[in-house]
Each structure stands twice: as C-alpha cells, then as structure tokens.
Amino acid sequence: MRMKALFLFLLSILPAVTAMAQKKGLIVNMTDGVPVRDVKIYTNTNTVTTTNWKGEYSIDKYFTSVTITHPDYLSLTLNLYEMTDTIELIPKYHTLDEVVVYGKRPMTFDAKKATQDAKDYYTPHVGGFTFDFFSLFKKRGLNSKEREKHDQIIKTY
C-alpha cells in the first residue's frame, strides 16, 4: 500500500516539475506593443530559442538568466525571477551610439562683472531692477559703448 501511495505522489509531482522547467512568453515592441518576430533568446545553459511570427517563445530547459537580442532593438539581459509573461524591447532608433561635444573653453562666472552688466542693461527701480522697456523700440543701432560691450561678450563666449 505504501508503494502505491508513493508512486501516485511521484506521478502527481512530475507534471509540476516539468512545468517549472518550461518558460513561455511574448516579446513586444515597447513603443506600440506589436509582437516582435525572430528575436534570439540565449540562456545561460547554452540554449538558443527564436520567437515565432507572433512574438511567442518557449524555453523547455532549466535556466537562471537569458539574453534577448534582435538587430533592431537594444539587447536585454534578465534573470529568471525578472522575466514576466510579456517582455518589452526598446527600438534602437531612439538611441544614440555616441555624442561628441566640441567647445572652446569652460565658462567662468564672475559675480561682480555680472552685477555690473545687469546694472548697465537694467534701470534702477524701488525694490530691485526692472527691464528698460523703451530700449526695445530704439530705431538706431548700438552706440560705441554698447558695441564694445557686445564685442567683449562675443569674444569671451
């Protein structure tokens, strides 16, 4: 009787053990939710799986992490506990490989000079400074003092 109970117990656990070793899911585009086909899924146990035309995958062997790759999407590495039924991939056209920034020199901030420049361009007012509204409607160009200040700002930029 004990042997029969043990056999039935093992027989009932067998489907659960095989279900734990199998992982199924769907891979979609993050921007629009459309399933992505031909995605390669590499496991840490050297198993390679490819999604079908509906973006579905199934991994039959036990694994602890996967790397998901596709030429048009960013690669993604996930642990088993991080995998959900639906995995979203980020398209590559939203990313930049490299950004190069050119500049002349670092700009320094001089508080005294900035205060003096602000006093030159703003008229005094009770409680602070206000913008000289009428300077917007001047019909003539810059005078020599303003032109020198303008040239100095352009040179130090």
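Residues: numbered from 1 along the sequence shown.
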When Thr49, Leu78, Asn79 are each screened for side chain to side chain contact (heavy atoms under 4.5 Å, CB included) with Val66, the one that passes is Leu78
For the side chain of Thr51 and the backbone of Asp38, is there at least one donor-acceptor N/O pair under 3.5 Å apart?
yes
Rounding to 0.5 Å, atoms CD1 (Ile27) and NZ (Lys54) come to a distance of 15.0 Å
Are Thr45 and Thr43 close enough that a side-chain donor and a side-chain acceptor fall under 3.5 Å?
yes
Closest approach of Asn29 to Pro91 (non-hydrogen atoms, all atoms of both residues):
OD1-CG, 3.4 Å
Of the non-hydrogen atoms in Glu82 and Thr77, which two are nearest, and what is the gap between them?
OE1-O, 4.4 Å
Over 12 foreign heavy atoms within 6.0 Å of CG, Asn46
no
Going by atom types alone, do Tyr57 and Asn52 pair a side-chain donor with an acceptor below 3.5 Å?
no
Is it true that Leu80 and Val39 fall in one hydrophobic cluster, defined by side-chain heavy atoms closer than 4.5 Å?
yes
Between Asp72 and Lys92, is there a side-chain heavy-atom distance shorter than 4.5 Å?
no
Correct closest heavy-atom pair for Val28 and Val36 would be C-CG2, 3.7 Å
Measuring from Lys23:NZ to Asp85:CG, what's the distance to the nearest 0.5 Å?
6.0 Å
Could you measure the distance from the CE atom of Met30 to the OG1 atom of Thr86? Nearest 0.5 Å is fine.
12.0 Å
Inter-residue atom distance Tyr42.OH - Ser65.OG, 0.5 Å rounding:
14.0 Å
From Ile68 CD1 over to Ile41 CD1, what is the distance, rounded to the nearest 0.5 angstrom?
5.5 Å
Are Asn44 and Thr64 close enough that a side-chain donor and a side-chain acceptor fall under 3.5 Å?
yes
Enter the distance from His70:NE2 to Leu76:CG here, rounded to the nearest 0.5 Å.
14.0 Å
ILVMFWY network linking Leu26 to Phe63, side-chain heavy atoms under 4.5 angstrom
no
